[in-house]
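Reading through the structure tokens given below for one structure.
Atom set for the values below is all heavy atoms of this structure, side chains included, hydrogens, waters and symmetry mates excluded. Within every chain, numbering begins at 1; the chains are lettered A, B, ... in the order of the sequence lines, protein sequences first and strands thereafter.
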Protein chains: 4
Amino acid sequence: MRIVDEAAREAKRTELLDAAARCFAERGYHATRTADICALAGMSSGNLFHYFPTKQAVLLALIERDGAETATSVTELAAADDPFGALLVLLDDVCRLAADSTYSGLALEISALAHRDDDVAVRFKANDASFRQSLEDLLARAAAAGQLDTDLSAQDAATWIAALVDGMFARVAADPDFRPEAQAAVLRRIVSQLLRGAAS
Amino acid sequence: MRIVDEAAREAKRTELLDAAARCFAERGYHATRTADICALAGMSSGNLFHYFPTKQAVLLALIERDGAETATSVTELAAADDPFGALLVLLDDVCRLAADSTYSGLALEISALAHRDDDVAVRFKANDASFRQSLEDLLARAAAAGQLDTDLSAQDAATWIAALVDGMFARVAADPDFRPEAQAAVLRRIVSQLLRGAAS
Amino acid sequence: MRIVDEAAREAKRTELLDAAARCFAERGYHATRTADICALAGMSSGNLFHYFPTKQAVLLALIERDGAETATSVTELAAADDPFGALLVLLDDVCRLAADSTYSGLALEISALAHRDDDVAVRFKANDASFRQSLEDLLARAAAAGQLDTDLSAQDAATWIAALVDGMFARVAADPDFRPEAQAAVLRRIVSQLLRGAAS
Amino acid sequence: MRIVDEAAREAKRTELLDAAARCFAERGYHATRTADICALAGMSSGNLFHYFPTKQAVLLALIERDGAETATSVTELAAADDPFGALLVLLDDVCRLAADSTYSGLALEISALAHRDDDVAVRFKANDASFRQSLEDLLARAAAAGQLDTDLSAQDAATWIAALVDGMFARVAADPDFRPEAQAAVLRRIVSQLLRGAAS
DNA sequence: GATGAATGAGAATTCATTCAT
DNA sequence: TATGAATGAATTCTCATTCAT
């Protein structure tokens, strides 16, 4: 009974987060009313507050969920035998995410909000640091496996790969002709050149 | 008399734009009240509306001013005898801008707002397109001068250089340890490798 | 449940319209703040906007409600066997309304607002045209019943009876000694003379 | 010098009043900004306040000027040998005024404002009382000259003639098809019937 | 828990009036 | 006196949050 209730509660929270993600991505955090989120989640307006204490709490939960999901998927890749190959796969995954306008819109929104709100900033930076750390680990394993040929430090390399990823999300927003999936090969190539001095 | 008045008027607009830039960068567009801008510009609350019809108009003017300034500085560089060298100088300039937290905060904010507001989007994309076009022109001149060694198209190269620039602004926001000016050399190197297949 | 909700909603709208009528009549449309209306209706300030989208919408609804009420009461009279007698009764009703300072104040306010606001004008003129049409119909029936003795057209007669009615409202406003109910007999007599060439 | 200055000052006041009359008539008192009046009078925005202490003072001066003008023109008519004829001429004059949409718009506006503002009310009612008194005097002289055949008191007759005049202004506002000048004959006839029991 | 009506603080914008020049 | 920029109080409308049912 308790378990069922908890599960039902969790399902509602998930629905609300999904709805909020779409609203925030499409309209922006400020332009989204809590009633919009409820409507999209198919519930009545005040109901959100049974699941989250404030609108901001919804946003924070969303950031944490995204961080956890990213961490999970990166962890899977990190276990691969071929670290450099895993990195290239990761880049492809990122291109796929960038092509999802809900995801990229939300990413941009969160990144802007982190500037203004300390609670958002803490979680956003934690996610980012964790992602970079995973990249660094992957690069270290690739180096250990002799897959790299560069004198760039693993940290700088991880940083600039992250910059390329962020930059790609920015391109999606700024340039109507930019198609992330069509650019996946270019991205692979840039990263390969960076780490091995030559196109892969 | 007339000229003096116009000049005074323009000076006030400039003061307001400077104040707005700081407010928007630090607190974000939505969290900034028009009265905040006035206070920072040292004038009384309703006075902004003698210079701009709406809060949004202030934002749009800011985007246009930034676009014009960028265009001017890029045009100067573009006239150089050594196009590839000019590109590297441009990257250094960008690093300097990224180190200015007002500038980078504002850039991020505008990029997020462009997703939600068509008027912002139009001007933002125009600035971006103009910047990329300048890059393309510079790359074409560098290619003609035999300074490049890559089979990347000028368009793709310009796109990814823009992505690196955007990515750097994102790094500033996400990573407290990222120092744009310290990374200028790494950025030069990445771009050089991209365009010439080797570190410069 | 649904029906109850709808009824409750309608009751609130009615309360708000009643409150607005009093405010507009006493203080004028412009001097009335939406918060005044809410206070008089016994609700909190922003609540009006759950029932009407704008302050103007309250005014428009008020005009429409008045038109509908007038139409209803005129329709009842119009069914009488004695059309001329019904007209005299109608004049007495109008005198009673004119004696109600809320009603006459509102009528004057609306008439002045119709000059400046097209949406108000449309509804105001529709009410007026409908009232004059009812008068014309009544006069035609009276003529057919041989109750009239005048060569004034039904249209002109209706127009000038309407003018007398409007004029009476104006007298209430302009002349502190004018008592509409005491003047009912004079009005009956003027109209009788107009339509039958002699006092009734 | 002094006299010239005074005359110039008076001329400016007159220009401002003329401009205000048009603005108030066309847009209404509340929708008219003091800057609008200045612009129409061809002067700079704050300048009005050298001639009138407040916006309301402009309105009050306008009402007083209108009262004085009406009194003057009625006084001229009142001196005529044929008082009843003079009354009919007066009705024609009124029809002409009603046809002037600036004048009728202003009249309606003032009448509505009198409900809300005591200072306006005092002057408005004074004008009205003075006009009715003139009518009463004219009617008394007509009666003395044996021109009337009615048992209506001079006061009631004056009141209802005033009501017809007000009513006509209201008709102009409410009925787009009402043409005051075309209705002058009907008005003469109604008043004649009222005072003499027959069409003139 | 679910509903959706009610609350009330908040913010952009307007404009009469003031005042330095 | 003329100008027109500056002031700042005032008001409509929004929406996160609360709460009675």
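- If you take CZ of D:F49 and P of F:dT7, they are 18 Å apart, rounded to a whole angstrom.
- Between the OH atom of C:Y51 and the P atom of F:dC13 there is a distance of 17 Å, rounded to whole Å.
- No contact: B:F52 has no heavy atom under 4.0 Å from any strand.
- Following rounding to the nearest Å, C:K55 (NZ) and F:dA10 (C1') show an atom-to-atom distance of 12 Å.
- In this entry the distance linking NE2 of A:H30 with C1' of F:dA16 reads 12 Å, nearest Å.
- For A:D36 and A:R33, the salt-bridge test passes: some basic side-chain N is under 4.0 Å from an acidic carboxylate O.
- A sub-4.0 Å separation between OP1 or OP2 of E:dG1 and a side-chain N or O of A:K12 is absent.
- Nucleotide E:dA20: paired with F:dT3 (Watson-Crick or G-U wobble, both distances less than 3.5 Å).
- Atom-to-atom, NE2 of C:H50 to C1' of F:dC19 comes out at 13 Å; the value is rounded to the nearest Å.
- The CE-C1' distance, from C:M43 to E:dT7, rounds to 12 Å in whole Å.
- Following rounding to the nearest Å, A:Q56 (CD) and F:dT17 (C1') show an atom-to-atom distance of 14 Å.
- Using a 4.0 Å cut-off, no side-chain N or O of A:S44 falls inside it from OP1 or OP2 of E:dA2.
- The aromatic rings of C:F24 and C:Y29 lie perpendicular to each other, with more than 60° between the two planes, well past the 30° mark.
- A salt bridge is absent between D:D66 and D:R123; no separation between the charged side-chain nitrogens and carboxylate oxygens falls under 4.0 Å.
- No donor-acceptor distance shorter than 3.5 angstrom exists from the side chain of C:N47 to the backbone of C:C38, with no hydrogens or angles considered.
- Computed from coordinates, the C:N47 CG to E:dA9 P distance equals 15 Å when rounded to whole Å.
- Both A:T54 and C:T54 lie close to DNA chain F; mapped to their nearest nucleotides by heavy-atom distance, the more 5′-ward contact belongs to C:T54.
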